[in-house]
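Each chain gets a letter, A, B and so on, in the order the sequences are listed, and its residues count up from 1.
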2 protein chains.
Amino acid sequence: MGLSKKSYLSFSLVLFSTIFVLESVSAATSPPLKFKNGEFKILQVADMHYADGITTPCEDVLEMKGCSDLNTTAFINRMIKAEKPDLIVFTGDNIFGQDATDAAKSLDASFAPAIAAGIPWAAVLGNHDMESTLTREGVMKHIAGMQLTLSQLNPASADVIDGFGNYNLEVAGAEGSSLQNKTVLNLYFLDSGDYSTVPSIGGYGWIKASQQFWYQKTSLMQQKAYMSKPKPQKAPAPALAYFHIPLPEYEDLGSNFTGVKGEGLISSPSVNSGFFTTLRDAGDVKAVFTGHDHLNDFCGELSGVHLCYAGGFGYHAYGLKGWSRRARVVSVTLEKTKTGKWGAVNTIRTWKRLDDENLTTIDPQVLFAGK
Amino acid sequence: MGLSKKSYLSFSLVLFSTIFVLESVSAATSPPLKFKNGEFKILQVADMHYADGITTPCEDVLEMKGCSDLNTTAFINRMIKAEKPDLIVFTGDNIFGQDATDAAKSLDASFAPAIAAGIPWAAVLGNHDMESTLTREGVMKHIAGMQLTLSQLNPASADVIDGFGNYNLEVAGAEGSSLQNKTVLNLYFLDSGDYSTVPSIGGYGWIKASQQFWYQKTSLMQQKAYMSKPKPQKAPAPALAYFHIPLPEYEDLGSNFTGVKGEGLISSPSVNSGFFTTLRDAGDVKAVFTGHDHLNDFCGELSGVHLCYAGGFGYHAYGLKGWSRRARVVSVTLEKTKTGKWGAVNTIRTWKRLDDENLTTIDPQVLFAGK
């Protein structure tokens, strides 16, 4: 393409999205995401539970009058304005299918704020997204076809994979730095399923062997590339993983976390499918981010991996009266090299914002300190 | 090939093994294993711990004089004579590498009884096989090149797989029956590793995502083939899995098993890599057979899958004075159809034999009753 990376940002939304599709095709060699001014910021939106918009009432709020899905939209807009994220990640139950008359319309409305703001976004599926007029595959296909999204139905490299919406996104180093053509941060997105399909196993779905193998292979490839020429690095680039249903190991944190555990038990699958072991084995993922339990917003470290919730975001979702809807922010910053240029990832921080008058920032934590 | 299946059994050992190699090449379409007289019998030999033969002393026996690796060989020969198995499976720690001067020679000697008896055999690796003069890969390559073995280095279908010695063997229905060209019993063999290679994780190795994905794909393919034309079956063919290190779920049996738990804790890996969930998810494996803990010989059912030890077999291995070395036998029998011919698998039974004067049979159990 004859256009520079910089110039296309000034195009109109329609033109942008057209160019973006072309960019996506060559994503393997030219990652569309990169660090700007030494930082890359991710806004996580968990459990929007969007349905039909203004006619869909809120749940568990102090003031019901005039409260609807539009409050969820307003909260995203406030968060975008306050944090100016480089990427928005929607971690499932984006729509609450049972109450959405038309899945496609509901999806379009739920993700609209990201598109309107011109911010790249990625989504995974929860256990409610497919309860409307589209199948699970249909929902993910619709999402992957939307404007400005980096969401993918599934990786082209996997011949067989369970679920829909397993993919990874690579974030390149700062432009003009020696790592501008290397992936300094990896983001993994997985479909944690909805419900068990095995008659003898009850409860929620889980991340299957096929998905873990795809992650294992991708991670190995990424680590090899990062530590090879040109500019071979000494340690693998850090990575983050986003999906909907928490791993059983969230329970193992006990009370060793920052934030609130407002629900009795973690709503993980009833079986352990080993993804936490697979993550530890590969070693690049420093933090896992899920949703699913709206009254849990905690984040704690277990065996070198942070296990984090975002807390409930959507207004048409169960919550707790008087306990603000909230969102999680992750800020990844680069080190400054001796020559004064940006280098590899230095620190990964997180905090949350409450949807109160001041969008109050709470619970700052360091998830990774590279140097 | 112009030879009938029957006729080649009468050839000499050397000729047999030559033909056998040719047979193996076409194994995908023509499984070399099949039911005879409605039964297929498997002898499991766990933890031979073979070293240098007559110069290698026994451990933990009442009478040490004249006791060596040759007692292990003698025990295999007695078992072969008593049970006449259709397949012998060696589930790792076949040799005790630390004490084996020459790995290849030790391997040759340890498996010799199967070859001498003309019985097909399969082996997987334990955590001691690679402690002599060959690497883990070298040991498995040597094994896969031996006479009469059905062992494979790794499946040709897997582009990436952890470990050495992951493969499956298909057992066809009885000759002359309507299922003579279908796989009525599947056998999976996996490399459960040796020790953790992740610095933050101690203890033994585990079955990785890549291996589980291979199992998941193979199982799916097998189940599809079995339930498709010609002669589509209503339920998947049962399967058995053999490897060395027990799964963490062995501990979950509590005291709900038949046999002896002579060791305090199960020596499983310190992490759960999810293989038990993957097995339950795929649904075909009815029983898992491991070794590793020589003083555990129990077998019990957890969530529809039997988890079984064989008990220690080898004389140059820790044991318990006065507690006989032992082996596990599995007998799979076919149903009789209305026309009087053999059909699908009807029952899977197991028992053990002690290396005492009478080769006493103990602990009979039914692992699967299909009809």
Side-chain angles (χ1 to χ4, degrees), chain A residues 157-163 166 188 190 193 195-221 224 235-236 247-249 251-252 268-286 301-305, chain B residues 157-163 166 188 190 193 195-221 224 235-236 247-249 251-252 268-286 301-305:
Chain A
S157 64
D159 56 343
V160 178
I161 196 160
D162 285 273
N166 302 286
Y188 296 98
L190 293 111
Y195 302 96
S196 167
T197 55
V198 181
S200 67
I201 304 175
Y204 292 109
W206 56 87
I207 297 171
K208 308 285 178 87
S210 62
Q211 300 168 278
Q212 297 186 40
F213 176 59
W214 161 76
Y215 159 74
Q216 184 190 14
K217 265 211 304 194
T218 307
S219 171
L220 198 70
M221 203 175 61
K224 202 175 164 189
L247 299 172
E249 283 80 3
E251 199 69 58
D252 299 342
S268 58
S270 65
V271 291
N272 191 326
S273 74
F275 191 46
F276 189 67
T277 296
T278 302
L279 288 175
R280 290 181 70 190
D281 198 348
D284 56 349
V285 168
K286 305 303 172 192
E301 187 246 309
L302 186 75
S303 306
V305 182
Chain B
S157 65
D159 56 343
V160 177
I161 196 159
D162 285 273
N166 303 284
Y188 296 98
L190 293 111
Y195 302 95
S196 167
T197 55
V198 181
S200 67
I201 304 176
Y204 293 108
W206 55 86
I207 297 172
K208 308 287 178 86
S210 62
Q211 300 168 278
Q212 297 186 40
F213 176 59
W214 161 76
Y215 159 72
Q216 183 190 14
K217 265 211 304 195
T218 307
S219 170
L220 199 70
M221 204 176 62
K224 203 176 161 186
L247 300 172
E249 283 79 4
E251 199 67 60
D252 299 343
S268 58
S270 65
V271 292
N272 191 325
S273 73
F275 191 45
F276 190 67
T277 296
T278 302
L279 287 176
R280 290 181 70 190
D281 198 346
D284 56 348
V285 168
K286 305 305 171 194
E301 187 245 310
L302 186 75
S303 308
V305 182

Worksheet item: When heavy-atom pairs shorter than 4.5 Å are enumerated against chain A, which of B/Q211, B/Q212, B/E249, B/Q216 gives the highest number?
Response: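 Option with the greatest count: B/Q216.
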Discussion item. Is A/T278 in contact with chain B via its backbone, its side chain, both, or neither, using a 4.5 Å heavy-atom distance?
Written reply: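 Side chain only.
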Worksheet item: Does any heavy atom of chain B fall under 4.5 Å from the side chain of A/W214, the backbone, both, or neither of them?
Response: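 Contact with chain B: none, neither part.
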Worksheet item: Can you list every salt bridge (charged side-chain N to carboxylate O under 4.0 Å, His left out) pair that touches residues 207-217 of chain A, not counting sequence neighbours?
Response: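 Every pair satisfying salt bridge (charged side-chain N to carboxylate O under 4.0 Å, His left out) with a residue in residues 207-217 of chain A: A/K208-B/D281, A/K217-B/D159.
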Worksheet entry | Least distance between heavy atoms, B/R280 atom then A/V198 atom |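 Taking every non-hydrogen atom into account, O-CG1, 3.7 Å.
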Discussion item. Give me the atom names and distance for the closest heavy-atom approach of B/S210 to A/F213.
Written reply: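 Scanning both residues, the minimum pair turns out to be CA-CD1, 3.2 Å.
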